[in-house]
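Here is the structure we will look at, set down as structure tokens.
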Amino acid sequence: MPELPEVETVKRSLEPYLAGEKITGVEIYYGGIVKEPEPAVFRALVQDKEIKSLGRRGKYLLLNLSGDLTLVIHLRMTGRLTVTDRAQPVDKHTHLIFRLSGEKELRFTDVRKFGLVYLVPTGCWNSIGGLFTLGPEPLEEEFTLACLHEKVERKKNTKLKNFLLDQREIAGIGNIYADEILFEAGLHPERPLATLTPEEIKRLFCAIRSRLGAGVESRGTSFRDYVDGTGAKGNFQNELKVYGRGGEPCGKCGTQLVKSVVAGRGTVFCPRCQS
DNA sequence: CCGTTCCTGGAT
DNA sequence: ATCCAGGAACGG
């Protein structure tokens, strides 16, 4: 599931292939992926634009085009965005292809069709609700311990895991990194925010930076579908301490890891190390 | 806040 | 044959 570290890795891996390239054509095989504008207008607007730069906000990938337009792409759970040789056979689940000037093309593939693509004027995110209301970037300077304190104080009764998954609070954390962050911080996923001590908030802050940073360093988690922009798998799946390990012994204390449901998501934690 | 919906492949 | 995975929008 592409979360912040995965989307950042896709962005970095695509940059050398896409920056400065011209989009010479677009093929839309499944129009449902293109949310705005309608597919015919989308195709016409993208035609012959240059990809000036790539960016990321939370789990959103941004392709800044000439003409002050930005292609906003969300991979949701199973989306893949890859640079592929034109000659390579098209996958059954490829919904969108951007032809490039060279021998390569950019393909959007998504088994579950949950991915989202928008084309909007650069900076005009108001039509994309999830992007418009996105919280701070946790790996940037803007996200400080004071900032986390303030957020925690405002959402007293919220459970920690719900808080971490809320993109309006902090951008880019999904189910995998939420569980890994809580394990590293030694905090129970159902702890109400109001019960956190300053020391625990500090631990949470450090764990957010550390786990997301480590995820980026390892080029993301290829637990299932995720690959980067060149089709390469990440390595962070080898460093997961709790996600996907329900029933296994905790790496720190040996207690059996518990799998439950919190915030409507599968949640794994150590009942001894996390309180 | 919580549950439901979207969608498909893989697990049971 | 049925259930489960889950990001984010939406309804209650």
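Each chain gets a letter, A, B and so on, in the order the sequences are listed, and its residues count up from 1. Just the heavy atoms: all of them, side chains too, but no hydrogens, waters or symmetry mates, feed the values below.
Panel note: side chain A:K59, backbone A:R56; no donor-acceptor pair is recorded below 3.5 Å.
Across the protein-nucleic acid pair, A:F114 atom CZ and B:dC7 atom C1' stand 4 Å apart, rounded to whole Å. Atom CZ in A:R80 sits about 17 Å away from atom P in B:dT8, given to the nearest Å. Computed from coordinates, the A:F132 CZ to C:dA9 C1' distance equals 17 Å when rounded to whole Å. In this structure, CZ of A:R224 is placed 12 Å from P of C:dG7, rounded to the nearest angstrom. Atom pair A:K259:NZ and C:dC3:P shows a separation of 17 Å (rounding to whole Å applied). Rounding to whole angstrom units, CD of residue A:E3 and P of C:dA5 are separated by 15 Å. A:D110 has its CG atom 10 Å from the P atom of B:dT8, to the nearest Å. With rounding to whole Å, A:R76 atom CZ is found 18 Å from C:dA5 atom P.
A donor and an acceptor atom, one from each side chain of A:D228 and A:T9, are nowhere located under 3.5 Å apart. Checked by atom type, the side-chain pair A:S260/A:T267 shows no donor-acceptor distance below 3.5 Å.
Residue whose closest nucleotide on DNA chain C sits further toward the 5' end, between A:G129 and A:M77: A:M77.
Note: A:D179 CG to A:N175 CG = 5.5 Å, rounded to the nearest 0.5 Å.
Dashed line: the shortest gap from a side-chain N or O of A:Q167 to OP1 or OP2 of C:dG7 is not under 4.0 Å.
In the helix from B:dC1-C:dG12 to B:dT12-C:dA1, the end axes, each obtained as the rotation axis mapping the C1' atoms of four pairs onto the next four within a five-pair block, lie 60° apart to the nearest 10 degrees.
Listed by chain and number, the residues in a ring pair (Phe, Tyr, Trp, His ring centres under 6.0 Å) with A:F98 amount to none (sequence neighbours excluded). A:F236 is linked by a ring pair (Phe, Tyr, Trp, His ring centres under 6.0 Å) to A:Y177, counting only residues two or more places apart in sequence or in another chain.
Among the atoms of the strands shown, none is found under 4.0 Å from any heavy atom of A:K161.
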